[in-house]
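Note sheet for the following structure.
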Amino acid sequence: MPQDKPIYDERVKEILKKLAKGITREQLAEEFDHKNWKTLDIYMRRRNFKWDSRDQTYVPNVSKTESHNPATDSSKAGQVVALLSKEGADVKSIAKRLGFKDHLELAQYMTGRGYEWESEQCTYVIKVGKVLDNSKSNQEPVKPTEHPIQTPSDSKTDPILLGNRFLPLLELLEKHKDRLLDLVIPGSEKGKLPRYVVPGIAKTKTVQMMNPLEQLVVDFSREKNISQREIFEVALIEFFRNYGYEYEIETMLGER
């Protein structure tokens, strides 16, 4: 296992900062006059960093024991924790430094990444274990052999507790209202394909795939009269929404 500590020189700090803002390795390589992203990768490896494909950034190349320490996490959430650990840290200043509109947007981002605010330590800590419903967090856990006695204040009869219990479900239904209407209103178009206007500059991305899947893309494009680029945009947006990047997608599309 690597023993050397990561070297945070000025270029490394700038690379990590810009990766956190969504700039790609290819763009950074061009900006810093590297031949391509591979030479940028070599530069970072020589300073004891490795590429994290999940968070799309470089992280310190340390042992597993060390890598679980939030202080060595170079993801955007890890940078928030690291900056808060410094003496005199101000969460509002940190929010602006990392590209958030304000500290409230930062808090929303950290919550979505599985962190919660620890008031005594004045920082964010990663949640451990199962996240409990807020309406039940103060209740004693029921042992498997016990049968709790229902009272008039039980959530099945108490309208306040009942509302709290189904609030997350109602929020989910509201969020996907348009899709639900397409399914339940007679005459609506079944399986209507969503369309998105993605900001930015168009770039070429070459991706290899098995020929049966490639043929499906061609057939669907022809049958539905939609370009292959739009197919991949919709597919990627829906993928990121469902697998942990909902916040980033909504920010990119201006939905926040």
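FYI, side chains are in, hydrogens and waters are out, and symmetry mates aren't considered; it's all heavy atoms of this structure. Bear in mind that the values here come from a model prediction, so they are computed numbers and not experimental data.
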Problem set entry | Stepwise side-chain contact (heavy atoms from CB on, under 4.5 Å) check, Leu84 with Cys122 | CA-CA 8 Å; Leu84 284 171; Cys122 292; over 6 Å; no
Is it true that the NZ or CZ of [X] lies under 6.0 Å from the centre of [Y]'s six-membered ring and within 45 degrees of the ring axis?
| X | Y | value |
| --- | --- | --- |
| Arg47 | Tyr8 | no |
| Lys92 | Phe100 | no |
| Arg45 | Trp51 | no |
| Arg113 | Tyr245 | yes |

Consider only side-chain heavy atoms of I, L, V, M, F, W and Y, link residues closer than 4.5 Å, and tell whether [X] and [Y] are in one cluster.
| X | Y | result |
| --- | --- | --- |
| Val197 | Ile237 | no |
| Ile226 | Val218 | no |
| Phe232 | Leu213 | yes |
| Val217 | Val234 | yes |
| Leu104 | Tyr115 | no |

Problem set entry | Heavy-atom closest pair, residues Asn36 and Thr39 | O-OG1, 2.7 Å
Seminar exercise, completed: Taking every heavy atom of Tyr124 against every heavy atom of Val80, the minimum-distance pair comes out as CD1-CG1, 4.1 Å
Separation between [atom1] of [X] and [atom2] of [Y], rounded to the nearest 0.5 Å:
| X | Y | atom1 | atom2 | result |
| --- | --- | --- | --- | --- |
| Asp41 | His34 | CG | NE2 | 10.5 Å |
| Lys21 | Lys76 | NZ | NZ | 8.5 Å |
| Leu28 | Glu14 | CG | CD | 8.5 Å |
| Thr57 | Arg25 | OG1 | CZ | 10.0 Å |
| Lys17 | Ile23 | NZ | CD1 | 10.0 Å |
| Leu216 | Ile231 | CG | CD1 | 10.0 Å |

Can you tell me if [X] has over 12 outside heavy atoms packed within less than 6.0 Å of its [atom1]?
| X | atom1 | result |
| --- | --- | --- |
| Arg11 | CZ | yes |
| Gln27 | CD | yes |
| Met209 | CE | yes |

Exercise. Salt bridge between Asp9 and Lys13, side-chain N to carboxylate O under 4.0 Å?
Worked result: no
Problem set entry | Ion pair Arg222/Asp219, N-O distance below 4.0 Å | yes
Exercise. Just one of Ile7, Asn61, Leu16 clears the side-chain contact (heavy atoms from CB on, under 4.5 Å) bar with Met44, so which one?
Worked result: Leu16
Exercise. Taking atom types as modelled and ignoring hydrogens, do the side chains of Ser227 and Glu230 form a donor-acceptor contact shorter than 3.5 angstrom?
Worked result: yes
Using only atom types and a distance under 3.5 Å, with no angle test, would you say the side chain of [X] pairs donor to acceptor with the backbone of [Y]?
| X | Y | answer |
| --- | --- | --- |
| Asn242 | Glu238 | yes |
| Gln215 | Asn211 | no |
| Thr111 | Ala107 | yes |

Exercise. Hey, mind stepping through Leu98 and Leu83 against side-chain contact (heavy atoms from CB on, under 4.5 Å) and telling me if it holds?
Worked result: CA-CA 10 Å; Leu98 295 179; Leu83 290 171; 4.2 Å; yes
Within the structure provided, determine whether [X] and [Y] are in side-chain contact (heavy-atom separation under 4.5 Å).
| X | Y | value |
| --- | --- | --- |
| Ile15 | Phe32 | yes |
| Gln56 | Thr24 | no |
| His103 | Lys96 | no |
| Asp52 | Tyr58 | no |

Exercise. Given Tyr196 and Met252, is the side-chain contact (heavy atoms from CB on, under 4.5 Å) satisfied, shown in steps?
Worked result: CA-CA 11 Å; Tyr196 300 100; Met252 181 186 71; over 6 Å; no
For this session: Apply the test side-chain contact (heavy atoms from CB on, under 4.5 Å) to residues Thr251 and Tyr109: give CA-CA distance (whole Å), side-chain angles for both, the deciding distance (0.1 Å), then the verdict.
Result: CA-CA 11 Å; Thr251 300; Tyr109 174 84; over 6 Å; no
